[in-house]
Amino acid sequence: MSTETKKFADPAAVASGFAADFADWFATQGQEKITIALSGGSTPKLLFELWGNEYAEKIDWSRIHFFWGDERCVDPDDSDSNYGVAKALFLDKVQIPAENVHRVLGEADPDEERLRYENEIYGHVDIDDNAVPEFDLIILGMGTDGHTASIFPHQSQFLKSPQVCEVAIHPETAQKRITLTGPVLNRGKKVAFLITGADKADVLAQVIKKEGDSDNFPASHVEATDLTFYLDEAVAANL
Ligand SMILES: O=C(O)[C@H](O)[C@@H](O)[C@H](O)[C@H](O)COP(=O)(O)O
């Protein structure tokens, strides 16, 4: 297992640093079909903008199948939709077949959608000997409370769930979400956290130093074989 921490001056530098590493990594991937799970929230927006502009012609997007590490149970045109953000910022601007975009149907019944999305993942993503999907790349963020994907503190049953995805409930807003589970996050062949902002610095230090337990800080549960933290100086202040 290798865990690397990369520090950049600010959020824009984190996005451009990851985008450059992503392009280098993509160039080494010989397989025709590459599966990627995207994170939501605001942090990846700068990356998506780069993908939709500077990198739009530099990547053969037709070889990539995009999924989401988690999605809010809202309509795709809702401003809260992780798919809606990615669609507006880059998916609509690059040459990628519609069938390569595997969004969570946020408008559907969450329990029915959980099963449908799980089956869609099984239909496209390599699986390991224990039938756990192995995404080629998983991009994650971290909340100020140490959550990742939509696995929130004290919902650690999702860290060890035998299912590929679960229906989670945001502890403050009660918003339902579909989230990949801990075993899937840890089976990612390559996992990258993109985390920025001083308001996450204390929690991030505990996550990286393994000082907090995963029940309090679910992000600390992620121990993939190839794990890289892309951080700005503000969030890395306590490292
Ligand atoms: O759907 C989501 O909200 C995300 O997947 C979530 O895990 C996100 O990565 C963190 O909450 C950080 O969000 P920010 O990037 O907005 O700080």
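Counting starts at 1 for both ligands and their atoms, in listed order. Residue indices begin at 1 and follow the sequence shown.
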Output side-chain donor-acceptor pairs under 3.5 Å for residues 19-27, partner residues at least two apart or in another chain, one line each.
| unit_1 | atom_1 | unit_2 | atom_2 | d |
| --- | --- | --- | --- | --- |
| D21 | OD2 | K6 | NZ | 2.6 |
| D21 | OD2 | Y230 | OH | 2.7 |

Could you walk me through whether E49 and K45 pass the salt bridge (charged side-chain N to carboxylate O under 4.0 Å, His left out) check?
CA-CA 6 Å; E49 287 172 357; K45 290 179 179 176; over 6 Å; no
Look only at the side chain of T148 and the backbone of G141, and say whether a donor-acceptor pair between them is shorter than 3.5 Å.
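Yes, because the side chain of T148 sits within donor-acceptor range (under 3.5 Å) of the backbone of G141.
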Can you produce the list of protein nitrogen or oxygen atoms under 3.5 Å from a nitrogen or oxygen of ligand 1, alongside each distance?
| unit_1 | atom_1 | unit_2 | atom_2 | d |
| --- | --- | --- | --- | --- |
| ligand 1 | 1 (O) | D70 | OD2 | 2.8 |
| ligand 1 | 1 (O) | R72 | NE | 2.9 |
| ligand 1 | 1 (O) | R72 | NH2 | 3.4 |
| ligand 1 | 1 (O) | N82 | ND2 | 2.9 |
| ligand 1 | 3 (O) | R72 | NH2 | 2.7 |
| ligand 1 | 5 (O) | G40 | N | 3.1 |
| ligand 1 | 5 (O) | D70 | OD1 | 2.5 |
| ligand 1 | 5 (O) | D70 | OD2 | 3.1 |
| ligand 1 | 7 (O) | A149 | N | 3.2 |
| ligand 1 | 7 (O) | A149 | O | 2.6 |
| ligand 1 | 11 (O) | H147 | NE2 | 2.7 |
| ligand 1 | 15 (O) | S42 | N | 3.3 |
| ligand 1 | 15 (O) | T43 | N | 2.8 |
| ligand 1 | 15 (O) | T43 | OG1 | 2.6 |
| ligand 1 | 16 (O) | S42 | N | 2.8 |
| ligand 1 | 16 (O) | S42 | OG | 2.8 |
| ligand 1 | 17 (O) | K200 | NZ | 2.6 |

Polar side chain donor-acceptor pair, D80 to Q175, under 3.5 angstrom:
yes
Heavy-atom closest contact (K200 atom, I195 atom, distance):
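For K200 and I195, the tightest heavy-atom pair comes out as CD-CG2, 3.8 Å.
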Please name the pair of heavy atoms, one in I178 and one in P110, separated by the smallest distance, quoted to 0.1 Å.
CD1-O, 3.5 Å
